[in-house]
Asker: 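Would you mind keeping the following structure in view while I ask a few things?
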2 protein chains.
Amino acid sequence: MSLRHAMLGLLSAGPASGYDLLKTFEISLASVWPATQSQLYAELGRLSKEGLVRVVAEGPRGRKEYEITEEGHAELRHWLVEVSPNQTRRSDMLLRVFFLDQVDAEAARGYLERLAERAVHEHDQLRGIREFVISEGDDALRLYGDIALEWGLRLTAAQRDWAEWAAARVAALEQQKAGHTTAE
Amino acid sequence: MSLRHAMLGLLSAGPASGYDLLKTFEISLASVWPATQSQLYAELGRLSKEGLVRVVAEGPRGRKEYEITEEGHAELRHWLVEVSPNQTRRSDMLLRVFFLDQVDAEAARGYLERLAERAVHEHDQLRGIREFVISEGDDALRLYGDIALEWGLRLTAAQRDWAEWAAARVAALEQQKAGHTTAE
DNA sequence: TCTAACATGTAAAACGTTACATGATTTC
DNA sequence: GAAATCATGTAACGTTTTACATGTTAGA
């Protein structure tokens with residue numbers, strides 16, 4: 001149930017409407033905790049009923065602005081430091097690797113090379129974001145945003161290195177097989 | 001819909017019952033694509049109805065052995081090389097980092113230090129597995145299993161390094177705040 | 001005036017987890 | 001004979017995705 005905590009986290013920076021939260025999810029949280037419009041409005045209703053958020057203002061077009069309550073804040077802090085993070089990271093990218101012996105070595109290598117390319121692309125995007133984000137915001141906010149960004153940079157760099165290494169190992173297997181065949 | 005592909009992948013190594021698949025999921029695939037008994041039996045029913053697998057033998061205690069069909073194999077290969085992997089990796093671990101400014105620096109540092117410890121623990125476990133697994137199995141199988149394991153090792157190493165680096169940055173912030181306070 | 005952006009909500013389907021329910025066979 | 005393991009299945013519930021549905025306001 002991290003969706004509600006993501007929402008409480010965003011609201012802890014100031015009041016916002018469902019629509020505002022949706023935009024923030026699309027822009028900032030898309031790669032960490034994607035959420036859809038349906039989910040957000042439904043969850044806002046629940047949070048409100050449970051007293052973790054409260055409507056503080058109504059604007060044009062039925063806009064409702066929500067504010068985090070003290071209970072909401074307590075729940076957020078509880079989750080941050082007392083609930084241990086979920087360790088299972090489902091990865092269909094890695095799942096494929098387990099079964100790559102079902103296709104020929106060339107196709108397997110192609111798969112790994114595409115992974116490497118994608119990692120490079122993502123890494124570059126993150127570097128772009130870092131350039132853009134430098135300065136502005138208070139100390140702590142900037143620090144944790146930067147720490148999160150650094151994880152993205154390290155993860156994508158590690159993925160690139162690994163995928164390139166793996167593709168090379170598959171290429172070596174191809175060579176070996178080719179040599180073996182012609183030698184027969 | 002990767003569950004079915006995980007199952008097809010396992011069945012491509014030879015026929016198995018739902019119970020067999022469950023054991024394999026628990027042992028080998030737990031950290032990549034966890035699945036429960038309910039899910040497996042339900043999905044076997046669907047796969048069977050769609051002709052991707054077929055019952056080839058019935059044993060004691062109502063045991064049904066399933067075999068992958070040619071259609072199943074085709075679907076597996078299609079998924080392996082033609083369906084692009086899902087890039088969104090939901091991470092409540094990283095989500096927390098975004099909101100760490102809501103707790104004091106000491107608690108934030110504690111969170112990051114626990115992440116580092118956990119990464120070390122996971123890394124050690126994977127090293128243990130590598131020791132144990134060396135040799136046995138055919139060329140390609142061993143290669144891809146080893147490539148997957150290597151990813152786990154690199155990922156956990158990167159997480160340890162990052163979490164330690166992040167904890168140090170937070171510690172620096174604590175120092176700075178402390179110095180600032182006493183200077184006033 | 002038209003279009004884009006703002007703004008909220010509901011419904012159905014797919015996927016995933018936990019719990020319930022039952023029974024057969026092997027092993028000690 | 002009791003306990004562990006083998007073996008399958010269903011039900012209830014919670015989360016996530018996709019699609020439907022509607023209406024307002026600001027700006028070109």
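Hydrogens, waters and symmetry mates are skipped; everything else that's a heavy atom, side chains included, is used. So you know, we letter chains A, B, ... as the sequences are listed, proteins then strands, and number each from 1.
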Asker: Side-chain donor-acceptor pairs under 3.5 Å in residues 156-173 of chain B, sequence neighbours left out?
Answerer:
residue, atom, partner, partner atom, Å
B:T156, OG1, B:H123, ND1, 2.9
B:T156, OG1, B:G152, O, 2.8
B:T156, OG1, B:L153, O, 3.1
B:W162, NE1, A:I147, O, 2.9
B:R169, NH1, A:D146, OD2, 2.5

Asker: With hydrogens left out and only the distance checked, is there a donor-acceptor pair under 3.5 Å joining B:S38's side chain and the base of C:dT18?
Answerer: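 Per atom types, the contact qualifies.
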Asker: Can you list every pair that meets ring-ring contact (aromatic ring centres under 6.0 Å, His included) and has a residue in residues 3-25 of chain A, with sequence neighbours left out?
Answerer: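 Sorted result for residues 3-25 of chain A: A:H5-A:W79.
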Asker: Which residues satisfy the side-chain contact (heavy atoms from CB on, under 4.5 Å) test with A:S48, sequence neighbours excluded?
Answerer: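 For A:S48, the residues satisfying side-chain contact (heavy atoms from CB on, under 4.5 Å) (neighbours in sequence not counted) are A:V53, A:Y66.
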Asker: Suppose we screen for salt bridge (charged side-chain N to carboxylate O under 4.0 Å, His left out). Which residues come up paired with B:R54, at least two apart in sequence or across chains?
Answerer: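 Expected list: B:E67.
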Asker: Can you measure B:R4 atom CZ to C:dG16 atom P for me and round it to whole angstrom units?
Answerer: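 One finds 12 Å between P of C:dG16 and CZ of B:R4, rounded.
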Asker: How would you give the extent of chain A contacts on DNA chain D, as first and last nucleotide 5' to 3' within a 4.0 Å heavy-atom cut-off?
Answerer: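 Endpoints of the contacted stretch of DNA chain D: D:dT15 to D:dT25.
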Asker: Please give, in whole Å, the distance from C:dA19 P to B:Y41 OH?
Answerer: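 Checked: the OH to P distance equals 19 Å.
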Asker: Rounded off to whole Å, could you give me the CG-to-P distance for the A:D20 and C:dC6 pair?
Answerer: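 Those two atoms, CG and P, are 9 Å apart.
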Asker: Starting at atom OH of A:Y19, determine the distance to atom P of C:dC6, rounded to an integer number of angstrom.
Answerer: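 So the two atoms are 4 Å apart, to the nearest Å.
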Asker: Looking at DNA chain D, which of residues 44-66 of chain A put a heavy atom within less than 4.0 Å of it?
Answerer: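 Result for residues 44-66 of chain A: A:P60, A:R61, sorted by number.
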Asker: Could you state the CD-P distance from A:Q39 to C:dC15, rounded to the nearest angstrom?
Answerer: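 Value for this atom pair: 16 Å.
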Asker: Do A:R130 side-chain atoms and A:L126 backbone N/O form a donor-acceptor pair below 3.5 Å?
Answerer: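 Between the backbone of A:L126 and the side chain of A:R130 there is no qualifying donor-acceptor contact (under 3.5 Å).
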Asker: Does this structure show an ion pair linking A:E26 with A:K23, if we count only N-O contacts that are shorter than 4.0 Å?
Answerer: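 Judged by the 4.0 Å cut-off on N to carboxylate O distance, A:E26 and A:K23 do form a salt bridge.
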Asker: Can you check whether B:S84's main-chain N or O pairs, donor with acceptor, with A:R114's side chain at less than 3.5 Å?
Answerer: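 Not a single qualifying donor-acceptor pair exists.
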Asker: Without decimals, in angstroms, what is the distance between A:L21 CG and C:dA7 C1'?
Answerer: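 Going from A:L21 (CG) to C:dA7 (C1'), I get 13 Å.
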Asker: Any salt bridge between B:E131 and B:R127, counting N to O under 4.0 Å?
Answerer: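 B:R127 and B:E131: not salt-bridged.
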Asker: Pick base, sugar-phosphate or nothing for B:R90, based on heavy-atom distances below 4.0 Å to the nucleic acid.
Answerer: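 Result for B:R90 = sugar-phosphate.
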Asker: Can you see which heavy atom on B:A6 is nearest to which on A:L95, and at what distance?
Answerer: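 Smallest interatomic distance, heavy atoms only, reads CB-CD2, 3.8 Å.
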Asker: Starting from C1' on C:dT17, measure out to CD on B:Q37 and report it in whole angstrom.
Answerer: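 Distance check: B:Q37 CD to C:dT17 C1' gives 12 Å.
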